[in-house]
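Keep in mind the model is a prediction, meaning the values are calculated, not measured. Computed over heavy atoms, backbone and side chain alike; hydrogens, waters and symmetry mates excluded.
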Amino acid sequence: MSQTLVIVESPAKAKTIKKYLGPGYEVLASYGHVRDLIPKDGAVDTAHDFAMNYTLIDKNVRHVDAIKKALKSSDILLLATDPDREGEAISWHLRELLAEAGLLKNKTAQRVVFYEITKKAVQEAVAHPRDLSIDLINAQQARRALDYLVGFNLSPLLWKKINPGLSAGRVQSPALRLIVEREAEIEAFNPQEYWTILADCQADRAAEKSRFNARLLTLDGQKAEQFTLTNETDAQSARSRILEAAAGTLTVRSVEKRERKRNPAPPFTTSTLQQEGVRKLGLSASRVMRLAQELYEGVDIGAGTVGLITYMRTDAVTLSEDALTQIRAHIGDKYGAAYLPASPNRYKTKSKNAQEAHEAIRPTSAAHTPDSVRAFLNKDQFRLYEMIFKRAVASQMTPAVYDQVSVDLAVNDQHSFRANGSTLKFPGFIALYREDEDDASGDNDEDRRLPPLTVGDKIALNDIAADQHFTEPPPRFTEASLVKTLEEYGIGRPSTYASIISTLQAREYVLLDQRRFKPTDMGRVVNGFLTDYFRDIVDYEFTAKLEDDLDAVSRGERDWVPLMREFWTPFHDRVEHTNENVTRQEAAQGRELGIDPKSGKPVSVRLGRFGPFAQIGTKDDEEKPKFASLKRSQSIATITLDEALDLFQLPRKLGETPEGEPVEVAIGRFGPFVKFGKMYASLGKDDDPYTIELPRALEIIEIKKLAEKNRYITQFDNGVSVQNGRYGPYITDGKKNAKIPKDKDPKSLTLEECVALLAAAPEKKSARGKTAAKATAKKTAAPKATAPKTTAKKSTTPRAKKASATDAQAPAKKTPVKKPATARSKKPAATIPE
């Protein structure tokens, strides 16, 4: 009997699929990508048609070895990685590795894809294998090459011109620009005052329930949209005129009734799933994708492991005929014929490059209701599955039906009001699911009832309210609204949105404030640099067009090499020009605030190596400029001259300790600290160095002295000491540390015993030594494999558990780890820019 080897990406999926295929099949996992570009310059050879130099990923060597071993006893190889460009590339890389090892001779190697992990879908896919798609592989290769070239050229430039450890990415950077520009809009926004006029009406004075509100429709013969009441004087004048003319009564001039239908939203795509997961469930986009991956790969629901949802990386909103049949039967059984349309609801996919073979995200079986699987899922898995199930089922239900009423109420021929009401006549799909919105308007008339009214009715006017308002700036982006905007602009792919957001946060370009994104000073400076010198990289239209070009490659309509050439030549020229002609000072985009009244010197703010700082004077002055770090709550973009000058109060002299040691407070590289004599102690998180007084400083000093006193168990004259450390007592001479044997009492150790234990202790490994050891290990690893054309990204298993490398980064530059100043007795490094 012949043996078939099936390769998937994750062990969880492998376990489920093995069960469905049975004897004659061996199913192994690749654990994500097996090869990636060599992590150094030259991985993409721009002089030779962008040929790529790949190497086996260290952590996957043993998994590849297991696949090679299993293939030797198999006749057929089925590459069943995920059904997208990334999955196609993983299959291609694996086939190339196996072919180079001579393991595919006289064997059949084909591609299969699983859009859902169910027995029927798996068996059907295995029965209909195909060849690898060179178009999908080339599209993924082009994307990887573009991301690599952007990352490996822009990131070192950012290190040199702004700060070490920064990065720029092809789709990460336009996303950052969106957030920075929105913040600039908010800061530049000038609120405008306006007033609204609202009538308190009552159809029947004996019935309190007949009260309702009506908005001003016309004033002095002008429609409301033709004028704005911008001050209290005008608003109160209008109120008085209307009240006088109405004399307590309004007349119903018209009543318009109509029926309005609201249709259900389509089932989830990757993008809408992330948006709704953020809005409804309060999860991050990356968390949503991790949970969806788990539901797709399979969960043990008592009767065995089964994939509960279809593939979660999709742009399509279509559902298979089998799914439609199941869902419609479920609706008929549970909700009745009134909730079931005569024919299935069909939705048109908006994405130009959606693969219609992909379905929308849906439950693999309508029989797996949320209640039936609740016991087998954790809390977040259940919440997400319930949302996916309800959205898919609701998409096939009848519309919600509302009765809408619009009533015009006249004062006279000069003044009138309008009241709107809407009542739910039939819930339809709303009985199951209602879509959430970001920043929804407060003017929703749904479920606002009006009393029965007819033309000519006299309505009591109880009062008129004149209310003050101010226009509001555009809201900051949430994760959901950012994902929606990225999709609208055509930036990136839905499957990359979570990694884009994660990268922006990891690089500290943005932070979440009340679940909304704010750019940091670092983010602003990086965005400003890229906008000034690499406009295409952050240009929305250019980025979207590049995505369209990559999509055209995936459809076989474009060759990827000319596309790469069109991008690379002008981009490389710009990198060289910027490197040679732009100074650090220009890149840092300092901002002048004004003149210091004491010294007459200019005051400016800019970003330094240790963060944003203010500066009095310039490097050309005879005297050295003065520097002061900005507070955490301050920003380069918004700080004022007075606020900047206040920063130069430090260091502040507070007085003396009881022993006569001078006490002062300042801010160092590791944060605010109090200095007493030659010792230093960090301030508490609630202590402000600009307002702290001597009594509180003395409390901190006493705590520090007590900690220092308790730190030493024994001190010997030659520098050897026994100390209390983070992990217990130890011996040190300042150069080496030694453990204390368990049978020894630290307090009873003699100098001779300590010296002997130190002599026997291993030498400390330097950071350079560790790096060299790593490099040596890497050289002895599997040889580099040179592949003609395709891309690969490093990944954990499953891929959704780690941000995909949409934006290739230059290799991370190691920066010193900042230790807390609390445990230090030496002076913290001052926050002085380089």
Side-chain angles (χ1 to χ4, degrees), residues 5-10 13 17 28-37 50 52 54 57 60 64 67 77-99 104 108-117 121-122 125-126 128-148 270 293 296-297 310-316 351 353-359 492-496 547 549-561 563 785 787-795 797-800 804-806:
L5 176 62
V6 181
I7 305 300
V8 295
E9 287 190 45
S10 79
K13 195 194 300 186
I17 290 170
L28 295 179
S30 71
Y31 287 78
H33 279 283
V34 293
R35 291 198 306 190
D36 197 10
L37 292 169
F50 303 93
M52 299 188 187
Y54 290 97
I57 297 172
N60 276 352
V64 172
I67 291 170
L77 173 66
L78 294 181
L79 299 162
T81 48
D82 286 351
D84 54 16
R85 298 177 200 175
E86 192 112 345
E88 204 76 15
I90 293 172
S91 286
W92 184 87
H93 280 291
L94 190 54
R95 189 190 69 178
E96 292 296 294
L97 281 174
L98 297 174
L104 292 182
T108 301
Q110 292 181 296
R111 176 86 163 106
V112 296
V113 292
F114 306 132
Y115 294 106
E116 58 183 81
I117 311 299
V122 168
V126 168
H128 299 89
R130 62 168 172 81
D131 291 331
L132 283 166
S133 169
I134 191 61
D135 294 330
L136 291 178
I137 293 167
N138 283 342
Q140 206 270 351
Q141 168 180 276
R143 181 183 298 277
R144 183 69 177 101
L146 283 169
D147 293 340
Y148 167 88
T270 304
Q293 181 95 28
Y296 162 70
E297 291 185 341
T310 53
Y311 192 55
M312 64 285 157
R313 296 188 185 98
T314 176
D315 297 324
S351 174
N353 199 54
Q355 300 175 57
E356 295 300 334
H358 285 47
E359 289 185 68
R493 304 292 295 156
S495 58
T496 66
E547 291 294 340
D549 289 338
L550 291 169
D551 290 343
V553 173
S554 74
R555 297 190 297 268
E557 298 167 5
R558 281 209 67 173
D559 185 352
W560 74 279
V561 174
L563 169 63
K789 298 170 183 178
T790 249
T791 174
K793 303 174 188 175
K794 288 186 179 180
S795 173
T797 302
R799 280 184 287 128
S804 61
T806 306

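You'll find the side chain of Leu97 stays beyond 4.5 Å of the side chain of Ile67, heavy atoms only.
Side-chain atoms of Ser10 and Glu297 form a donor-acceptor pair, as typed in the model, at a separation below 3.5 Å.
In terms of heavy-atom proximity, Asp82 sits nearest to Glu9 at N-OE2, 3.0 Å. Here the closest heavy-atom approach between residue Ala80 and residue Val6 is recorded as CB-CG1, 3.9 Å. Here the closest heavy-atom approach between residue Leu132 and residue Ser91 is recorded as CD2-CB, 3.7 Å. Scanning all heavy atoms of the two residues, the minimum distance from Val122 to Ile117 falls at CG2-CA, 4.3 Å. Between Val34 and Leu94, the shortest heavy-atom contact is CG2-N, 4.0 Å. When every heavy atom of Ile90 is checked against every heavy atom of Ser30, the shortest pair comes out as CG2-OG, 3.9 Å.
Distance check, rounded to the nearest 0.5 Å: OH of Tyr311 to OG1 of Thr270 gives 8.0 Å. Here the CH2 atom belonging to Trp92 is positioned 14.0 Å from the CG atom belonging to Leu136, to the nearest 0.5 angstrom. Put simply, CG on Asn138 and CZ on Arg143 are 13.5 Å apart, with the number rounded to the nearest 0.5 Å. Separating the NE2 atom in His128 from the CD atom in Gln110 is a distance of 12.0 Å, to the nearest 0.5 Å. Taken from CE in Met312 to CD in Gln293, the straight-line distance is 3.5 Å, to the nearest 0.5 Å. Between the CD atom in Glu86 and the OG1 atom in Thr496 there is a gap of 10.0 Å [rounded to 0.5 Å].
Under the side chain to side chain contact (heavy atoms under 4.5 Å, CB included) rule, Arg85 has a single partner from Asp551, Val553, Asp135, which is Asp551.
Using a distance-only test at 3.5 Å, with no hydrogens or angles considered, a donor-acceptor pair links the side chain of Asn60 to the main chain of His33. At least one donor-acceptor pair closer than 3.5 Å links the side chain of Thr314 to the backbone N or O of Glu359.
With sequence neighbours excluded, the residues that form a salt bridge (Lys or Arg N to Asp or Glu O under 4.0 Å) with Asp549 are Lys545, Arg558. Partners of Ala109 by side-chain contact (heavy atoms from CB on, under 4.5 Å), not counting sequence neighbours, listed by chain and number: Leu77, Leu104. Phe114 pairs by the ring pair (Phe, Tyr, Trp, His ring centres under 6.0 Å) definition with nothing, not counting sequence neighbours. Applying the side-chain hydrogen bond (donor to acceptor under 3.5 Å, both in side chains) criterion to Glu116, with sequence neighbours excluded, gives Thr118, Arg362.
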Could you go through the salt bridge (charged side-chain N to carboxylate O under 4.0 Å, His left out) check for Glu88 and Arg130 one step at a time? CA-CA 12 Å; Glu88 204 76 15; Arg130 62 168 172 81; 2.9 Å; yes
